[in-house]
Amino acid sequence: METTTINTAQQAFDYLARGWATGNFQPYIDMLSDDVSFWLPVGTQRDQSFSSEGKEQIIARLRARQAAGDRLIFSPPDRITSNDTTITFEFESQGTIRNQPFRGRNAISFDVKNDKISSIREYFGDIN
């Protein structure tokens, strides 16, 4: 495992966690490659093979969360697994989604290519 790969993924996780806590997702957005893909294999997408979005859709989704006041606090990851290109973080989160309390066990996987996040898979359950 190349150290820069895991460092890039760790930085993306930290920026995403900070974005959820504060509503400022811009540092996380800046780490996404131009051709990044995003999959939500659970929640309302569970009956689809995968729902894939590109960078503009990811930005729109994050800005909608910011505008809605959705906020989560991530625990530090309690498990990190990786191979040469993919790093998966498992963690707890709690906060408010759609003005409702949320608490969950979550996982997020980042594929890293050229020091950017090239693919994201989120497993947050039913918080679409």
Side-chain angles (χ1 to χ4, degrees):
M1 164 64 55
E2 193 175 318
T3 303
T4 56
T5 299
I6 201 152
N7 289 345
T8 298
Q10 182 67 59
Q11 187 66 68
F13 178 85
D14 292 346
Y15 284 157
L16 180 61
R18 194 173 311 147
W20 270 106
T22 66
N24 178 11
F25 289 100
Q26 194 58 52
Y28 174 71
I29 290 168
D30 292 343
M31 292 195 71
L32 305 178
S33 68
D34 289 339
D35 61 348
V36 65
S37 63
F38 180 69
W39 297 312
L40 290 166
V42 293
T44 58
Q45 294 82 7
R46 67 180 157 262
D47 295 327
Q48 302 172 23
S49 55
F50 279 105
S51 178
S52 181
E53 297 182 349
K55 188 171 185 177
E56 292 307 311
Q57 290 90 359
I58 295 169
I59 292 169
R61 179 184 291 269
L62 294 171
R63 294 218 166 113
R65 294 227 174 267
Q66 177 185 30
D70 293 348
R71 298 292 184 268
L72 293 176
I73 302 298
F74 290 6
S75 70
D78 52 37
R79 178 173 291 206
I80 301 172
T81 54
S82 62
N83 62 27
D84 289 339
T85 59
T86 303
I87 298 83
T88 301
F89 299 90
E90 295 178 44
F91 58 99
E92 305 284 334
S93 67
Q94 64 179 16
T96 305
I97 302 292
R98 287 188 215 90
N99 297 313
Q100 298 295 315
F102 176 85
R103 181 180 201 100
R105 175 90 182 138
N106 317 112
I108 187 165
S109 291
F110 295 117
D111 291 352
V112 178
K113 183 177 177 184
N114 300 324
D115 298 328
K116 291 281 193 179
I117 302 303
S118 62
S119 181
I120 306 157
R121 287 169 304 286
E122 279 189 4
Y123 305 87
F124 276 68
D126 290 321
I127 70 165
N128 310 310

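Bear in mind the structure is a predicted one, so any value in this text is a computation, not a measurement. Side chains included, hydrogens not; waters and symmetry mates left out as well; all remaining heavy atoms used.
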Can you give me every donor-acceptor pair (side chain of residues 11-19, partner residue at least two apart or in another chain, under 3.5 Å) with its distance?
from, atom 1, to, atom 2, distance (Å)
Asp14, OD1, Gln10, NE2, 2.9

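Scanning for side-chain hydrogen bond (donor to acceptor under 3.5 Å, both in side chains) contacts around Ser33 gives Asp35, with sequence neighbours left out. Legend: residues meeting side-chain contact (heavy atoms from CB on, under 4.5 Å) with Asp78, ordered by chain and number and at least two apart, are Glu90, Arg105. Legend: residues meeting side-chain hydrogen bond (donor to acceptor under 3.5 Å, both in side chains) with Gln26, ordered by chain and number and at least two apart, are Asp30, Arg63. Considering only residues two or more places apart in sequence or on other chains, Asp70 meets the side-chain hydrogen bond (donor to acceptor under 3.5 Å, both in side chains) condition with Arg65. For the side-chain hydrogen bond (donor to acceptor under 3.5 Å, both in side chains) test, residues two or more places apart in sequence or in another chain that qualify with Ser93 are Asn106.
Ring orientation note: the planes of Phe25 and Trp20 are nearly perpendicular, at an angle over 60° on the 30°/60° scale.
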Side chain to side chain contact (heavy atoms under 4.5 Å, CB included) evaluation trace for Phe38 with Glu122: CA-CA 8 Å; Phe38 180 69; Glu122 279 189 4; 3.7 Å; yes

Intermediate values then yes/no, side chain to side chain contact (heavy atoms under 4.5 Å, CB included), Ile58 and Ile120: CA-CA 10 Å; Ile58 295 169; Ile120 306 157; 4.2 Å; yes

Chi angles and distances behind the side chain to side chain contact (heavy atoms under 4.5 Å, CB included) call for Trp39, Ser119: CA-CA 8 Å; Trp39 297 312; Ser119 181; 3.4 Å; yes

Steps toward side chain to side chain contact (heavy atoms under 4.5 Å, CB included) verdict (Thr81, Ile87): CA-CA 6 Å; Thr81 54; Ile87 298 83; over 6 Å; no

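Contact record, Thr88 with Ser109: OG1-OG, 2.5 Å, taken as the closest heavy-atom pair. Across Ile117 and Ala9, no two heavy atoms sit closer than the pair CD1-CA, 4.4 Å. The two residues Lys55 and Asp34 make their nearest non-hydrogen contact at NZ-OD1, 3.5 Å.
Side chains of Leu72 and Phe102 form a contact here, defined as non-hydrogen atoms less than 4.5 Å apart.
For Thr8 (side chain) and Thr4 (main-chain N/O), a donor-acceptor pair under 3.5 Å exists by modelled atom type. Under a 3.5 Å cut-off, the side chain of Gln66 and the backbone N or O of Gly23 do form a donor-acceptor pair.
In this structure, OG1 on Thr22 lies 6.5 Å from CZ on Arg71, to the nearest 0.5 angstrom. Taking OG from Ser37 and CG from Leu32, the interatomic distance works out to 10.5 Å, rounded to the nearest 0.5 Å. Expressed to the nearest 0.5 Å, how far OG of Ser82 lies from CZ of Phe89 amounts to 8.5 Å.
Hydrophobic clustering places Ile80 together with Met31 (ILVMFWY residues linked when any side-chain heavy atoms are closer than 4.5 Å, directly or through intermediates).
The stretch residues 108-117 participates, sequence neighbours left out, in these salt bridge (charged side-chain N to carboxylate O under 4.0 Å, His left out) pairs: Asp111-Arg121.
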